[in-house]
Amino acid sequence: MRRYDPADIEPKWQRIWEAEGLHRASEDPADPRPRFYALDMFPYPSGDLHMGHAEAFSGGDAVARFKAMQGYNVLHPIGWDAFGLPAENAAIKREIHPREWTYANIEQQARSFARMGMSFDWTRRLATCDPEYYRWTQWLFLKLFERGLAYRKSSPVNWCPKDQTVLANEQVIAGACERCGTPVERRDLTQWFFKITDYAQRLLDDMDGLVDWPARVITMQRNWIGRSEGAEVTFTIEETGDEVPIFTTRPDTLWGVTFFVFAVEHPLVRKLAEAGGRWEEVEPLVGKVRNTPLTHREEADTKEGVVLGVHAVNPVNGEKVPCYVAPYVLMEYGTGAIMAVPGHDQRDFGFARQHGLPVREVIRPEGEPASELAEAYVGEGVMVSSGPFDGERSPASIPKVAAWLAAEGRGGAAVSFRLRDWLISRQRYWGAPIPIVHCPAHGEVAVPEDQLPVLLPEDVDFRPGGESPLARHPSWKRTACPDCGADAVRDTDTMDTFVDSSWYFFRYCSPGLTEAAFRREDVDRWMPVGQYTGGVEHAILHLLYSRFFTKALYDMGMVGFTEPFPKLMNQGQVIYGGASMSKSKGNVVEPMPLVERWGADSMRLIILFAGPFEGDIDWKLIAGDPDRRPGVNAWLGRVFGVVDEAASRPHAEEPEALRRLTHRTIRAVTEDVERFRFNTAISKLMVLSNEMRAGLDAGGGAGEAASALVQMLAPFAPYAAEELWREVLGREGSVHASPWPSFEPDVAAEETVTLIVQVDGKVRDKVEVPAGADGAACLEVARASENARRAIGDREVANEIVRAPRLVNLVTR
RNA sequence: GCCGGGGUGGCGGAAUCGGCAGACGCGCGGGUCUCAAAAACCCGUGGGCUUCGGCCCGUGAGGGUUCGAUCCCCUCUCCCGGCACCA
């Protein structure tokens with residue numbers, strides 16, 4: 001009998017598949033197969049692959065192989081998200097160049113992927129740190145710049161005083177630098193932004209079409225975009241005449257305004273404080289908040305604030321209310337100033353109590369008397385003390401008030417988004433340089449396309465200190481203005497790595513193209529992506545940015561669709577003992593040692609069989625003794641046994657029950673794989689192999705079952721399936737290029753079914769009846785059941801529920 | 001606090017147009033083989049009771065609808081995830 005020896009067969013097939021070019025996507029125009037783009041979120045090359053990669057890619061690979069067997073021309077590419085801070089950190093620590101560290105890791109991961117049997121089209125491999133890739137990242141930046149979608153402005157950012165660098169929000173943990181633990185400060189710097197806010201409404205609207213996205217991802221993106229409807233209203237400052245617009249979702253409470261609040265960063269604060277003779281009191285608060293890290297702002301005291309000494313005139317009734325400056329109003333949202341209605345907003349209420357400001361009731365619950373408010377009332381009601389709107393029902397009155405404001409010329413209906421423009425500048429070395437030259441005469445000038453890429457300099461001191469590494473380089477930034485030839489300097493910032501990853505899926509469609517980032521015809525041929533697989537940690541940033549890029553490129557006529565990923569699947573995390581795996585916790589389980597010891601097929605089966613793909617896997621709970629043979633490995637051994645035995649007696653008659661199970665299994669497994677239910681698919685294959693064993697032991701044949709089993713095993717255990725297909729079953733060509741088995745309904749149909757006989761809803765008997773048994777026949781069988789009679793005893797049967805041919809329930813009085 | 005998802009054997013998990021709860025696997029127990037052990041293979045495995053025919057209980061807790069509820073409804077509870085001064 002043929003032994004199952006993964007150490008022997010896996011490297012062998014890996015070589016043969018590579019030599020045969022089995023997984024290359026076909027670009028032959030005569031290829032009649034429909035196309036399918038199976039995309040996995042590309043990895044970041046920090047060391048070797050971890051368990052999370054193993055799970056995500058095992059699932060993605062199962063889908064790609066399944067689709068190929070279903071007759072699709074599959075594009076299943078791989079690449080690396082290879083720019084980023086960790087490469088620099090590692091380089092600083094080990095004194096090697098970020099490039100060396102990055103490419104070494106990419107090679108390692110590529111070898112591991114190949115060893116795992118991933119069906120990638122390696123000819124399309126890319127890395128975002130490759131000059132031939134980032135050249136086009138820069139080119140896309142310039143396209144956005146041309147359209148006004150990339151612009152520069154001053155913005156507050158997180159700054160680590162020890163590392164002397166700007167940090168992304170996600171690099172700030174509890175107000176401190178994640179690397180050195182130093183509390184971060186706030187700096188105002190001029191930065192590049194992408195104008196994603198122009199697309200806020202479309203990003204929101206188009207999600208209605210993303211029916212195959214996980215609901216929670218949709219929810220997270222909706223929350224992130226944060227659309228609010230309301231009104232904009234312009235107040236006038238009594239003492240200076242300044243006009244200050246505010247956004248409110250509750251214009252129906254305009255008559256309840258008793259004060260007015262500015263964010264500390266609001267450009268009018270100093271002027272107004274000075275006009276009110278209060279700058280001395282205001283300045284310390286402004287300074288304090290300015291030095292508070294952005295990530296700490298949420299902990300600021302809601303009641304803190306200082307009076308400005310000036311008054312705002314309420315346009316609806318001419319009332320003058322005092323102005324304050326307070327940290328609870330954010331410059332980043334709305335207009336950076338608010339009308340305060342303590343009667344109907346809890347934050348305003350708290351502030352009013354603290355500062356002795358009046359609280360006015362202007363929305364009253366229907367049918368109730370006027371009351372002294374003990375807290376803000378935010379529910380429905382009737383407008384009172386509201387001039388022309390007295391008696392109007394709120395919130396129905398909101399659009400009426402907005403329309404009235406518009407007619408009066410003091411504002412009107414407005415929509416506000418929480419989404420802010422995407423800050424892409426990074427004062428870091430290991431990223432794509434921003435292709436802009438700053439000319440004293442011409443300002444921001446695009447680097448001409450024929451001068452791309454703007455290459456990163458090699459000889460750089462990328463250790464932290466003072467300025468960004470590119471700014472510190474003695475000569476790199478010096479250049480001539482492309483417009484006038486005068487001395488000018490390059491922009492010394494690099495782009496956020498999320499820019500790199502916002503278009504990599506387009507590049508896969510036109511690999512190695514030297515004239516453009518991609519060809520529209522290539523992209524339109526393969527995209528939108530058939531299935532996108534990756535972690536939920538990218539639910540907002542990467543997916544939102546990629547959607548934005550796609551829409552912007554669509555508007556430029558560069559692609560023919562507006563959503564890149566109509567179908568999205570998130571795999572769960574692989575954790576250990578309820579916590580994420582990490583080196584500091586010492587609980588990291590790596591996939592490659594498992595692959596070396598038991599084979600890639602076993603590693604893939606362990607992880608796919610452990611539970612639902614979307615759910616987390618706690619390795620501590622699913623893994624047994626690491627030195628003990630995994631159950632799935634033993635199962636593969638048994639599969640080799642049954643397939644070998646079936647092949648050795650091709651003329652033996654296959655039992656009808658086995659044929660039926662085979663066809664039922666084909667139907668069920670096909671459905672399971674389509675729904676990412678790999679765990680149940682594998683369990684059904686186990687059932688089939690168990691039944692084959694029983695049939696063979698009884699002397700029957702199992703040829704059809706063996707063939708189907710091997711084919712259905714192929715997406716999950718590609719090496720073992722290939723060995724069985726070609727060597728044991730002796731088929732020509734790869735199992736992975738064979739057509740997915742089809743089930744025949746006639747064969748799958750049951751001849752008999754188990755009739756459940758219940759008495760008063762409790763199961764009392766199970767009887768085999770013909771599958772076509774009608775109600776009367778079933779009832780007869782049920783009445784005849786000895787067990788049922790005993791359960792009924794001397795009671796009278798009052799009701800008979802019949803669901804032929806599955807169930808009869810005899811109900812006694 | 002708000003929104004979303006979930007609670008099923010010793011463990012991972014099956015089963016939801018309301019109709020056999022616990023598929024499949026791990027673990028565990030017993031057996032075959034062996035001098036012995038491991039491996040492999042076979043049998044058993046929710047709890048309790050049993051006259052060995054079966055019976056009772058059981059899907060976080062309580063209630064409801066129904067002939068019948070893991071599934072639908074209400075209340076509660078715990079866990080996980082996301083958001084959280086968003087005007």
Side-chain angles (χ1 to χ4, degrees), chain A residues 214-224 226-228 230-231 246-251 253 261 263 297-303 326-330 332-341 344-348 350-351 416-420 536 539-540 572-573 578 605-606 609-612 614-625 628-632 634-635 637-638 641 677 679-690 693 697 753-766 786-787 790-791 797-803 806-812:
Chain A
R216 61 175 168 162
V217 177
I218 297 280
T219 305
M220 285 164 74
Q221 290 213 0
R222 280 192 200 285
N223 289 343
W224 188 263
R227 185 180 194 273
S228 298
I246 58 100
F247 175 78
T248 178
T249 54
R250 295 296 304 276
T253 63
V261 191
R297 283 290 290 279
E298 61 211 42
E299 294 161 25
D301 184 352
T302 305
K303 300 185 181 76
Y328 86 90
V329 174
L330 305 177
E332 292 79 21
Y333 186 76
T335 64
I338 63 158
M339 66 179 209
V341 185
H344 305 286
D345 181 283
Q346 197 52 49
R347 292 154 303 166
D348 296 346
F351 193 89
S416 184
F417 293 94
R418 201 188 81 109
L419 181 70
R420 288 189 275 154
V536 74
I540 295 173
Q573 283 184 28
L605 285 172
I606 287 170
F609 184 60
E614 308 95 302
D616 289 349
I617 293 172
D618 193 329
W619 197 266
K620 190 177 181 182
L621 299 178
I622 64 151
D625 182 344
R628 222 163 142 166
R629 186 178 184 191
V632 292
W635 175 60
R638 290 194 290 276
R677 309 193 56 155
N679 57 329
T680 53
I682 293 164
S683 87
K684 283 158 191 163
L685 297 181
M686 289 173 170
V687 172
L688 180 60
S689 73
N690 291 345
R693 177 79 272 157
D697 287 347
V753 295
T754 305
L755 175 72
I756 305 301
V757 182
Q758 295 182 338
V759 175
D760 294 328
K762 288 183 177 172
V763 179
R764 295 302 178 190
D765 208 353
K766 301 172 187 181
E786 199 54 46
N787 287 344
R790 192 172 44 244
V797 175
N799 195 4
E800 290 162 332
I801 312 288
V802 182
R803 295 285 180 274
R806 301 260 171 214
L807 177 131
V808 171
N809 186 12
L810 304 173
V811 185
T812 64

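Reminder, nothing fancy here: chain letters follow the sequence lines and each chain counts from 1.
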Anti or syn, where syn is a glycosidic angle within 90° of 0; which label fits B:G53? syn
Base of B:G25 relative to its sugar, syn (within 90° of 0) or anti? anti
Can you tell me how far P of B:G6 sits from CG of A:Asp616, to the nearest Å? 14 Å
Nearest heavy-atom approach of A:Ala610 to A:Ile617 is CB-CD1, 3.9 Å
What contact category does A:Glu800 fall into here, base, sugar-phosphate, or nothing, at under 4.0 angstrom with non-hydrogen atoms? nothing
Under 4.0 Å between a side-chain N or O of A:Arg803 and OP1 or OP2 of B:G68? no
Could you pick out which residue, A:Gly761 or A:Thr248, lies toward the 5' side of RNA chain B when each is mapped onto its nearest nucleotide? A:Gly761
Any non-hydrogen side-chain atom of A:Trp635 less than 4.5 Å from a side-chain atom of A:Pro630? no
Whole Å only: how far is the CZ atom of A:Arg790 from the C1' atom of B:G54? 7 Å
Whole angstrom value for the distance that separates C1' of B:G5 from CE of A:Met220: 13 Å
Are any of the side-chain heavy atoms of A:Ile622 and A:Ile606 separated by less than 4.5 Å? yes
Here's a test of your reading of the structure: between A:Arg677 and A:Asn690, which maps to the more 5' nucleotide of RNA chain B? A:Arg677
Go ahead and name the base partner of B:C83; Watson-Crick or wobble counts if both distances stay under 3.5 Å, otherwise write none. B:G1
Short side-chain N/O contact to B:C42 OP1/OP2 from A:Arg693, under 4.0 Å: no
B:A40 pairs with, by Watson-Crick or G-U criteria that keep both distances under 3.5 Å: B:U32
Scan A:Gly631 against the nucleic acid and name what it touches under 4.0 Å (heavy atoms): base, sugar-phosphate only, or nothing. sugar-phosphate
Taking the same atom, C1', in B:G29 and in B:U51, what whole-Å distance lies between them? 27 Å
Examine the side chains of A:Arg790 and A:Asn787 and answer whether a donor and an acceptor come within less than 3.5 Å of each other. yes
Distance, rounded to the nearest Å, where A:Trp635 contributes CH2 and B:C41 contributes P: 14 Å
Are A:Arg222 and B:C3 close enough that a side-chain N or O sits under 4.0 Å from OP1 or OP2? no
A:Phe247 CZ - B:A87 P separation (whole Å): 7 Å
Would you indicate what A:Arg628 reaches in the nucleic acid, counting non-hydrogen atoms under 4.0 angstrom: base, sugar-phosphate, or nothing? sugar-phosphate
Could you tell me whether the phosphate oxygens of B:C56, OP1 or OP2, come under 4.0 Å of any side-chain nitrogen or oxygen in A:Arg764? yes
Rounded to whole angstroms, how far apart are CG on A:Leu330 and P on B:C85? 7 Å
For atom CG of A:Asp618 and atom C1' of B:C79, their distance in whole Å: 14 Å
Just call it for A:Pro630: base, sugar-phosphate, or nothing, with non-hydrogen atoms closer than 4.0 Å on any strand. nothing
Would you classify A:Ile338 as touching base, sugar-phosphate or nothing, given that sugar-phosphate means primed atoms plus P, OP1 and OP2, and contacts are heavy atoms under 4.0 Å? base
Rounded to the nearest Å, what distance is computed from the CG atom of residue A:Leu807 to the P atom of nucleotide B:G18? 14 Å
Base, sugar-phosphate, or nothing for A:Arg418, non-hydrogen atoms under 4.0 angstrom? base
Quick check: any donor-acceptor pair below 3.5 Å linking the side-chain of A:Asn809 to the base of B:C67? yes
Testing A:Leu810, A:Val811, A:Val808, A:Asn809 one by one against A:Glu800 for a side chain to side chain contact (heavy atoms under 4.5 Å, CB included), which residue passes? A:Leu810
Does OP1 or OP2 of B:A87 have a side-chain N or O of A:Ser228 closer than 4.0 Å? yes
Of all heavy-atom pairs linking A:Tyr333 and A:Ser228, the shortest is OH-OG, 3.3 Å
Identified pairing partner of B:C76, criterion: Watson-Crick or G-U wobble below 3.5 Å: B:G60
Between the base of B:G4 and the side chain of A:Arg216, is there a donor and acceptor pair under 3.5 angstrom? no
Among B:G12, B:A40, B:A87, which nucleotide has an atom closest to any side-chain atom of A:Phe609? B:G12
Do any side-chain nitrogens or oxygens of A:Lys762 fall under 4.0 Å of OP1 or OP2 in B:C57? yes
Would you please classify the geometry between the A:Phe351 ring and the A:Tyr328 ring as parallel, tilted or perpendicular, with 30° and 60° separating the classes? tilted
Go through A:Arg216 and A:Val536 one step at a time and tell me if the side chain to side chain contact (heavy atoms under 4.5 Å, CB included) criterion holds. CA-CA 9 Å; A:Arg216 61 175 168 162; A:Val536 74; 3.7 Å; yes
pair_partner(B:C67), Watson-Crick or wobble, both distances < 3.5 Å, evaluates to B:G19
Side-chain N or O of A:Asn679 versus OP1/OP2 of B:C24: is the shortest distance under 4.0 Å? no
Sugar-phosphate, base or nothing in reach of A:Ile801, heavy atoms under 4.0 Å: base
